[in-house]
K.L.:
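Take this structure first; my questions come after.
This is a predicted model, so every value here is computed, not measured. Residue numbers begin at 1 in each chain, while the letters A, B, ... track the order of the sequences.
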Amino acid sequence: MNYLLEHPRNNMSVVTRFAPSPTGFLHIGGARTALFNWLFSQHHALHGDGGTFLLRIEDTDRKRSTQDAVDAIFDGLRWLGLTWDGDAISQFGRIEQHRAAVERLLDDGRAYRCYCTPEELGAMRKEARTAGRKRMYDGRWRDRDPADAPSGVAPAVRLKAPEDGETVIEDLVQGEVRVANAELDDMILLRSDGTPTYMLAVVVDDHDMGVTHVIRGDDHLTNAFRQTQLFQALNWDTPAFAHISLIHGPDGAKMSKRHGALGVDVYRDQGFLPEAVCNYLLRLGWSHRDDEIISMEQAIEWFNLDSVGKSPARFDFDKLTALNGHYLRESGPERLMDLISPSLSEYLGYNPSEIAVQRLIHGLPGLRERAKTLSELIENSLFYAAERPISISDKARKLIDDDGRRRLESVKDGFAALDDWTEEALEACVREFSERADIKMGKVAQPIRAAITGTTVSPSIFEVLAVLGREESLGRIADVINFE
RNA sequence: GACCCCUUCGUCUAGUCAGGUCUAGGACACCUGCCUUUCACGCAGGCAACACGGGUUCGAAUCCCGUAGGGGUCGCCA
């Protein structure tokens, strides 16, 4: 198994892992967990003594695991740029190692077989609940003679956990957290059908994979106690834990599927850039003084667990959007063209012509200033790709009344007489016209905008005119003058 | 219910570990103005918070205790 890298415990190299269960898409909370794990490993790879980021698919629940979900996780991580080392590990594929660990525990007397029926367990659970106890299983098979085992009943295997004292974890984010062992019952390691439970699999896999730092959502905090007990029973070093707070929805409740915990693919489809999503997610719970705009390079250099906050954060769509606007403005026209091109064809119903693509490339720098998402950018770009006669919105239509039409005719003659079809010449021409006619520039600029873009909002009309070129511009103006 | 965690502007947060430099800083959102052919961008300014109550101290957002509120976990799910 080549993915199980050799990581001697005596060096300082860091190994992190992201361990999602493939029961759905990669949601935004999982993405943040992955990001933190990735950042931590990359930081140590580049600025420390080595770092590795592994991906493990927790697919031991066969009924709920699908290949589609696995692919969705891969796609999501790749889109965010969170590449993992080696091949993704299937937890299900390591079932033999899990069983072997239990055998050892059984031999060492650190685990035992439990023949309780689901009914018995149900009763115990109910009793514990009404008695106000957290601990459910009463340990009735813990010290019982195996000879008492009922025949024909397949046992589950439980860990013989310490009954006294307390289990303490030194969490890198939460600090020292301790819980009395009396609160923890003997967890099941192997189900009665012989399959390993999550608790067992996680511990064995994390050990075998050489994981040094377990960074995950704090909904796993209580699991950490049980896992610590297991690590100790197995005589293995316990990895360092870092439980990060969960992301909450805008209403303050836990992010769930109905509370906006969308898959990262949805953010992509809504026109967000991966670097914006990463930057936003990074700032949710982690900070570096007052820095807000943080590149991945800086994030890798600066990231640490000390600066991760403990309190949960609400998801703020507006801030993500603002960040996205920033990264959009920093993107070059070629990249933007690649990004919007598929949707553009969809809107148009055909692939934009070569000349339309050229216009777009020239027009994108002006367009990107006015968009916060790719979707917005696409909508605003449409007029560059459109074929004559372009459609005119109702609002724009209102600008082309009798006055507007008259001005368009005059200014069109001026344009036609121009030697240089440049932004500067175009602007001088319109300025001269408005001064001569003693009207505000807007009175003529807006009808022009309406004619050449079909809308009331666009980049500078001189820029648009220049990008469109003489023939197309004059043609579009003529189209509206002759309309009706 | 039990156990554990959390609590600074509406939101994300700086500051808290080493108490005074905090009349609490930044960002998003919101409001005003400037720029201007529209809309943005940009720039300038504004509104807005230390959950509450005790205590320690010359002095507390920072330390301690309590209260309230919020969250997580209590599966032969992961």
Side-chain angles (χ1 to χ4, degrees), chain A residues 19-23 58-61 63-65 91 114 116 118 121-122 125 128-136 154-158 171 174-175 177-180 182-185 187-199 201-202 217-223 225 243 245-246 248 250 252-254 280 283-293 306-307 309-323 325-326 329 366-372 380 399 427 430-431 434 440-450 453 455-462:
Chain A
S21 53
T23 53
E58 312 233 309
D59 50 0
T60 51
D61 186 345
K63 286 187 280 298
R64 298 202 298 166
S65 303
Q91 186 158 68
C114 168
C116 283
L121 259 13
R125 186 165 20 249
R129 207 52 166 242
T130 49
R133 275 181 289 119
K134 182 188 173 70
R135 183 183 171 127
M136 188 269 283
V157 177
R158 288 182 184 268
D171 194 280
Q174 304 291 335
V177 190
R178 45 180 68 219
V179 72
E183 295 290 333
L184 274 13
D185 62 10
M187 72 183 122
I188 291 181
L189 269 16
L190 232 40
R191 301 185 186 99
S192 48
D193 66 359
T195 58
T197 60
Y198 161 78
M199 288 294 176
V202 166
D218 74 4
D219 49 340
H220 284 282
L221 185 59
T222 51
N223 290 336
F225 293 107
H243 289 93
S245 60
L246 267 14
H248 287 183
K254 182 191 180 185
Y280 177 70
R283 283 289 288 107
L284 232 42
W286 180 87
S287 60
H288 183 269
R289 290 286 173 164
D290 285 339
D291 293 305
E292 297 285 350
I293 304 291
D306 293 341
S307 303
K310 293 192 197 182
S311 51
R314 297 187 188 198
F315 195 87
D316 182 1
F317 218 78
D318 282 338
K319 192 153 184 177
L320 203 213
T321 304
L323 235 20
H326 168 84
R329 272 172 258 129
L367 254 13
R368 69 182 171 195
E369 297 293 322
R370 295 162 171 79
K372 284 192 160 58
N380 298 344
L399 292 170
E427 176 163 0
V430 172
R431 218 169 266 286
S434 63
K440 286 198 168 186
M441 192 141 83
K443 289 289 182 191
V444 55
Q446 280 303 80
I448 295 174
R449 171 167 286 117
T453 71
T455 68
T456 58
V457 175
S458 82
S460 155
I461 54 164
F462 308 116

K.L.:
Classify I461(A) by what it touches in the nucleic acid, base, sugar-phosphate, or nothing, heavy-atom distance under 4.0 Å.
P.N.:
base

K.L.:
Ignoring hydrogens, what is the shortest heavy-atom contact between E58(A) and P22(A)? Give both atom names and the distance.
P.N.:
O-CD, 3.3 Å

K.L.:
Parallel, tilted or perpendicular for F315(A) and Y280(A), by the 30°/60° rule?
P.N.:
perpendicular

K.L.:
Quick one: Q91(A) CD to C77(B) C1', roughly how many Å, whole number?
P.N.:
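Going from Q91(A) (CD) to C77(B) (C1'), I get 12 Å.
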
K.L.:
From L189(A) CG over to R158(A) CZ, what is the distance, rounded to the nearest 0.5 angstrom?
P.N.:
10.0 Å

K.L.:
For the side chain of E292(A), counting heavy atoms from C-beta on, which of U73(B), G26(B), U38(B) is nearest?
P.N.:
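Nearest nucleotide to the side chain: G26(B).
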
K.L.:
Of the options U11(B), U73(B), A40(B), whose atoms approach the side-chain atoms of D219(A) most closely?
P.N.:
U73(B)

K.L.:
Suppose we define a pair by two distances each less than 3.5 Å, Watson-Crick or G-U wobble; what does C63(B) pair with here?
P.N.:
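In the structure as shown, C63(B) has G55(B) as its Watson-Crick or wobble partner.
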
K.L.:
Just compare C3(B), C12(B), G42(B) and give me whichever is closest to any side-chain atom of E183(A).
P.N.:
C3(B)

K.L.:
Taking the P atom in each of A2(B) and U8(B), what is the distance between them to the nearest angstrom?
P.N.:
26 Å

K.L.:
Across the strands shown, which category fits R125(A) at heavy-atom distances under 4.0 angstrom: base, sugar-phosphate, nothing?
P.N.:
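Sugar-phosphate: the residue R125(A), judged by heavy atoms under 4.0 Å, touches backbone atoms but no base.
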
K.L.:
How close or far is atom C1' of U73(B) from atom CG of L221(A), stated in whole angstroms?
P.N.:
9 Å

K.L.:
Roughly, in whole Å, what's the span from CG in D291(A) to P in C28(B)?
P.N.:
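Interatomic distance, CG of D291(A) to P of C28(B): 14 Å.
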
K.L.:
Can a salt bridge be assigned to the pair K319(A) and E292(A) using a cut-off of 4.0 Å between side-chain N and carboxylate O?
P.N.:
yes

K.L.:
Would you classify T456(A) as touching base, sugar-phosphate or nothing, given that sugar-phosphate means primed atoms plus P, OP1 and OP2, and contacts are heavy atoms under 4.0 Å?
P.N.:
base

K.L.:
For nucleotides C58(B) and G46(B), find the distance between their C1' atoms and express it as a whole number of Å.
P.N.:
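One C1' to the other, the span is 37 Å.
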
K.L.:
For the CZ atom of R125(A) and the CE atom of M136(A), what is their distance to the nearest 0.5 Å?
P.N.:
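With rounding to 0.5 Å, CZ (R125(A)) is 4.5 Å from CE (M136(A)).
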
K.L.:
Can you tell which of C39(B), C76(B), A40(B) lies closest to the side chain of K372(A)?
P.N.:
A40(B)

K.L.:
Quick one: label G309(A) by what it contacts on the DNA or RNA (base, sugar-phosphate, nothing), any heavy atom closer than 4.0 Å.
P.N.:
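Result for G309(A) = nothing.
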
K.L.:
Which of these nucleotides, A78(B), G15(B), C39(B), is closest to any side-chain atom of R289(A)?
P.N.:
G15(B)

K.L.:
Classify L284(A) by what it touches in the nucleic acid, base, sugar-phosphate, or nothing, heavy-atom distance under 4.0 Å.
P.N.:
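Result for L284(A) = sugar-phosphate.
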
K.L.:
Give the rounded distance in Å between these two atoms: NZ of K319(A) and P of U11(B).
P.N.:
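Taking atom P of U11(B) as the reference, NZ of K319(A) is at 12 Å.
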
K.L.:
Counting side-chain heavy atoms from CB outward, which of C6(B), A78(B), C12(B) is closest to P312(A)?
P.N.:
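Out of C6(B), A78(B), C12(B), the nucleotide with an atom closest to P312(A)'s side chain is C6(B).
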
K.L.:
Roughly how far, to the nearest 0.5 Å, is CG of L399(A) from CD1 of I448(A)?
P.N.:
11.5 Å

K.L.:
Do the side chain of R449(A) and the base of U37(B) come within less than 3.5 angstrom through a donor-acceptor pair of N or O atoms?
P.N.:
yes

K.L.:
Apply side chain to side chain contact (heavy atoms under 4.5 Å, CB included) to the pair T195(A) and T60(A), showing each step before the final yes or no.
P.N.:
CA-CA 8 Å; T195(A) 58; T60(A) 51; over 6 Å; no

K.L.:
Contact class for L246(A) (heavy atom, under 4.0 Å): base, sugar-phosphate, or nothing?
P.N.:
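The residue L246(A) makes sugar-phosphate contact but no base contact.
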
K.L.:
Taking only the side-chain heavy atoms of R129(A) (C-beta and beyond), determine which of C5(B), U13(B), C74(B) contains the nearest atom.
P.N.:
C74(B)

K.L.:
Determine the interatomic distance between P on G33(B) and the same-named atom on U38(B); round to the nearest Å.
P.N.:
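The answer is 15 Å between these two P atoms.
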
K.L.:
So what does C116(A) touch, heavy atoms closer than 4.0 Å: a base, only the sugar-phosphate, or nothing?
P.N.:
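Base, at least one base heavy atom under 4.0 Å.
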
K.L.:
Does A156(A) or A322(A) map to a spot on RNA chain B nearer the 5' end, using the closest nucleotide for each?
P.N.:
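Mapping each residue to its closest nucleotide by heavy atoms, the 5'-most match is A322(A).
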
K.L.:
Between atom CZ in F225(A) and atom P in C5(B), what is the gap in whole Å?
P.N.:
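Going from CZ in F225(A) over to P in C5(B) covers 8 Å.
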
K.L.:
Out of U37(B), U11(B), A78(B), which nucleotide sits closest to the side chain of N223(A)?
P.N.:
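Nucleotide nearest to N223(A)'s side chain: A78(B).
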
K.L.:
So for D218(A) and G72(B), does any side-chain atom that can act as donor or acceptor lie under 3.5 Å from a complementary atom in the base?
P.N.:
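There is none.
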
K.L.:
What about R329(A): does its side chain form a donor-acceptor pair under 3.5 Å with the base of C41(B)?
P.N.:
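For R329(A), whose side chain was compared with the base of C41(B), there is no donor-acceptor pair (under 3.5 Å).
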
K.L.:
When rounded to the nearest Å, what value does the distance between P atoms of U13(B) and C3(B) take?
P.N.:
29 Å

K.L.:
When rounded to the nearest 0.5 angstrom, what is the spacing between CD in E183(A) and CZ in R178(A)?
P.N.:
14.5 Å

K.L.:
Tell which nucleotide pairs with A2(B), taking only Watson-Crick or G-U wobble pairs whose two distances are both under 3.5 angstrom.
P.N.:
U73(B)

K.L.:
Side-chain donor or acceptor of S460(A) under 3.5 Å from a matching atom on the base of U37(B)?
P.N.:
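When only heavy-atom distances are counted, S460(A) does reach the base of U37(B) through a donor-acceptor pair under 3.5 Å.
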
K.L.:
Touch check for H220(A), heavy atoms < 4.0 angstrom, all strands: base, sugar-phosphate only, or nothing?
P.N.:
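The residue H220(A) makes base contact.
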
K.L.:
How far does the P atom of A14(B) sit from the matching atom of G69(B), given to the nearest Å?
P.N.:
26 Å

K.L.:
Report yes if some heavy atom in the side chain of M199(A) is under 4.5 Å from a heavy atom in the side chain of N223(A); otherwise report no.
P.N.:
yes

K.L.:
What interatomic distance, in whole Å, is found between C1' of A49(B) and the corresponding atom of G26(B)?
P.N.:
14 Å

K.L.:
Using a heavy-atom cut-off of under 4.0 Å over every strand shown, decide if P459(A) touches base, sugar-phosphate, or nothing.
P.N.:
base

K.L.:
Just to be sure I understand the rule, does Y280(A) reach a base, reach only the sugar-phosphate, or reach nothing, if contact means heavy atoms closer than 4.0 Å?
P.N.:
nothing

K.L.:
Between C77(B), A14(B), U37(B), which nucleotide gets closest to the side-chain atoms of R431(A)?
P.N.:
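The closest nucleotide is U37(B).
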
K.L.:
I'd like to know if S192(A) reaches the base of C76(B) with its side chain, counting only an N/O donor and acceptor under 3.5 Å.
P.N.:
yes

K.L.:
Does G42(B) have a Watson-Crick or wobble mate here (both distances under 3.5 Å), and if so which one?
P.N.:
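Paired with C34(B).
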
K.L.:
Quick one: is R191(A) getting a side-chain N or O under 4.0 Å of the C77(B) phosphate, OP1 or OP2?
P.N.:
yes

K.L.:
Please report, rounded to the nearest Å, how far the C1' atom of C35(B) is from the CE atom of M441(A).
P.N.:
13 Å

K.L.:
Roughly how far apart, to the nearest Å, are C50(B) and C63(B) at atom C1'?
P.N.:
15 Å

K.L.:
Between A78(B), G72(B), U13(B), which one does the side chain of T222(A) approach most closely?
P.N.:
G72(B)

K.L.:
If you measure from the C1' atom in A51(B) to the same atom in G10(B), how many Å do you get, rounded?
P.N.:
16 Å

